Number of protein chains: 2
Amino acid sequence: MTAIKESSTIQENKQYALENCPVTFVMEKIGGYWKPIILWHLSNGMKRYSELKREIPAITEKMLIQHLKQLEADGLVIREAKPVVPPFVTYRLSNAGEGLLPVIEAMAAWAFKVKDGEFL
Amino acid sequence: MTAIKESSTIQENKQYALENCPVTFVMEKIGGYWKPIILWHLSNGMKRYSELKREIPAITEKMLIQHLKQLEADGLVIREAKPVVPPFVTYRLSNAGEGLLPVIEAMAAWAFKVKDGEFL
DNA sequence: ACAAGTACTTACCCTAAAGTATGTATTATG
DNA sequence: CATAATACATACTTTAGGGTAAGTACTTGT
């Protein structure tokens with residue numbers, strides 16, 4: 001008989017990981033399928049909502065807006081709305097968001113090395 | 001009436017992201033709550049299965065072995081088993097796995113900057 | 001009058017990831 | 001002979017993320 005595990009929910013483990021692992025902290029911010037893609041598209045500067053939509057055709061509007069809100073709440077992007085009609089809303093990286101670019105570049109570098117078979 | 005979206009499943013989107021976004025490629029490999037933590041614990045060298053288990057108390061054995069297998073299948077860690085009893089199995093980073101350390105360090109650096117309020 | 005464009009919102013569903021609880025093989029040791 | 005230690009395996013359930021489909025508000029153009 002194996003020792004019985006005391007209860008441990010996803011939330012508790014999330015908490016554990018967040019406090020103990022900086023990588024998990026980053027994952028929380030930029031994890032999921034869409035957030036990195038959105039950040040990538042914002043890395044060349046400010047974009048309108050509709051521009052992002054056009055540039056990432058596979059994303060649904062729900063996902064796009066949902067992640068933009070999340071990124072905004074996490075302080076990675078800045079939303080600016082001009083009170084005109086039709087609405088004119090732009091998104092751009094904050095300082096913290098731009099601070100992530102080296103991380104993204106490190107990831108990209110690794111990905112290309114793997115694909116080039118450099119680790120074989 | 002909003003334009004009707006042509007069908008797009010999770011798998012298709014995954015494919016799109018994987019092909020278009022190196023960050024997603026990396027996420028595929030080290031995403032989830034446990035993989036980065038496991039990699040982190042392996043970054044100081046080879047560890048036995050039971051050592052990992054002890055060092056990451058919140059993880060369940062199912063998650064630990066499942067992610068170790070995944071990491072092995074993705075070529076990030078190397079498993080070595082001595083045919084003795086009780087079993088003696090060790091895990092260590094492969095070259096590709098070690099190649100990820102700069103990524104992890106970049107993440108950690110960013111996480112600490114955020115926590116120190118450097119982006120405010 | 002109504003379609004079109006912009007930036008959303010909301011209700012509902014489906015799947016993949018994570019967690020729970022248990023079982024297994026082997027041998028040494030008391 | 002039963003227990004402990006190691007490194008798993010597996011059936012089942014829960015949860016969170018993602019996707020679908022549709023609606024809203026406001027105004028300009030035809």
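Letters A, B, ... are given to chains in the order of the sequence lines, protein chains preceding strands, and every chain is numbered from 1. These numbers come from a predicted model, not from an experiment.
Comparing the axis of the opening five pairs of the helix from C/dA1-D/dT30 to C/dG30-D/dC1 with that of the closing five pairs yields an angle of 30°, rounded to 10°.
At whole-Å resolution of the value, CD1 in A/Ile37 and P in D/dG18 are 11 Å apart. In this structure, the CD atom of A/Glu80 is 13 Å from the P atom of C/dC8, given to the nearest Å. In this structure, CE of B/Met63 is placed 15 Å from P of D/dC8, rounded to the nearest angstrom. One atom, CD of B/Gln66, and another, C1' of D/dA9, lie 11 Å apart when rounded to the nearest Å. The distance between atom OH of A/Tyr33 and atom P of C/dA17, rounded to the nearest whole Å, is 6 Å. B/Phe88 has its CZ atom 24 Å from the P atom of C/dA25, to the nearest Å. Rounding to whole angstrom units, CD of residue B/Glu61 and P of C/dG19 are separated by 14 Å. Between the NZ atom of A/Lys47 and the P atom of C/dT6 there is a distance of 16 Å, rounded to whole Å.
Of all nucleotides listed (C/dT6, C/dG19, D/dC8), C/dG19 comes nearest to the side chain of B/Thr60. When each of C/dA7, D/dC8, C/dT10 is scored by its nearest atom to the side-chain atoms of A/Val89, the top-ranked nucleotide is C/dA7.
Contact of the A/Leu68 side chain with the A/Glu72 side chain is not registered, since no non-hydrogen atoms from C-beta on lie closer than 4.5 Å. Between B/Ile37 and B/Trp34, the closest side-chain pair of non-hydrogen atoms falls below 4.5 Å. When side chains are defined from C-beta on, A/Leu39 does not count as touching A/Leu101, because their heavy atoms never get closer than 4.5 Å. At a threshold of 4.5 Å between non-hydrogen side-chain atoms, the residues B/Arg79 and B/Lys69 count as touching. Two residues are said to be in side-chain contact when any heavy atoms from C-beta on lie closer than 4.5 Å; B/Lys29 and B/Lys35 fail this criterion. Side-chain contact between B/Phe119 and B/Val114: present, with at least one pair of heavy atoms (C-beta onward) separated by less than 4.5 Å.
When each of B/Pro87 and A/Gly31 is assigned the nucleotide of DNA chain D bearing its nearest heavy atom, the one mapping closer to the 5' terminus is B/Pro87. Of the two residues contacting DNA chain C, namely B/Lys62 and A/Arg48, the nearest-nucleotide position lying further toward the 5' end is that of A/Arg48.
No contact: B/Lys35 has no heavy atom under 4.0 Å from any strand. Nucleic acid contact for B/Ile65: sugar-phosphate only, since backbone atoms but no base atoms lie under 4.0 Å from a heavy atom of the residue. Across all strands, A/Lys82 comes closer than 4.0 Å to no nucleic acid atom at all (heavy-atom distances).
Contact between the side-chain N/O atoms of A/His67 and the OP1/OP2 oxygens of D/dG18 is found at a separation under 4.0 Å. The side chain of A/Ser50 places an N or O atom within less than 4.0 Å of a non-bridging phosphate oxygen (OP1 or OP2) of C/dA7. Here A/Tyr91 reaches the OP1 or OP2 of C/dC8: one of its side-chain N or O atoms lies under 4.0 Å away. In this model, the phosphate group of D/dG17 is not approached by any side-chain N or O of A/Trp34 to a distance below 4.0 Å at OP1 or OP2.
With rounding to the nearest 0.5 angstrom, the CD1 atom of A/Ile38 is 12.0 Å from the CD1 atom of A/Ile30.
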Apply side-chain hydrogen bond (donor to acceptor under 3.5 Å, both in side chains) to residues A/Glu51 and A/Tyr91 and explain how you reach the verdict. CA-CA 10 Å; A/Glu51 284 181 277; A/Tyr91 292 90; over 6 Å; no
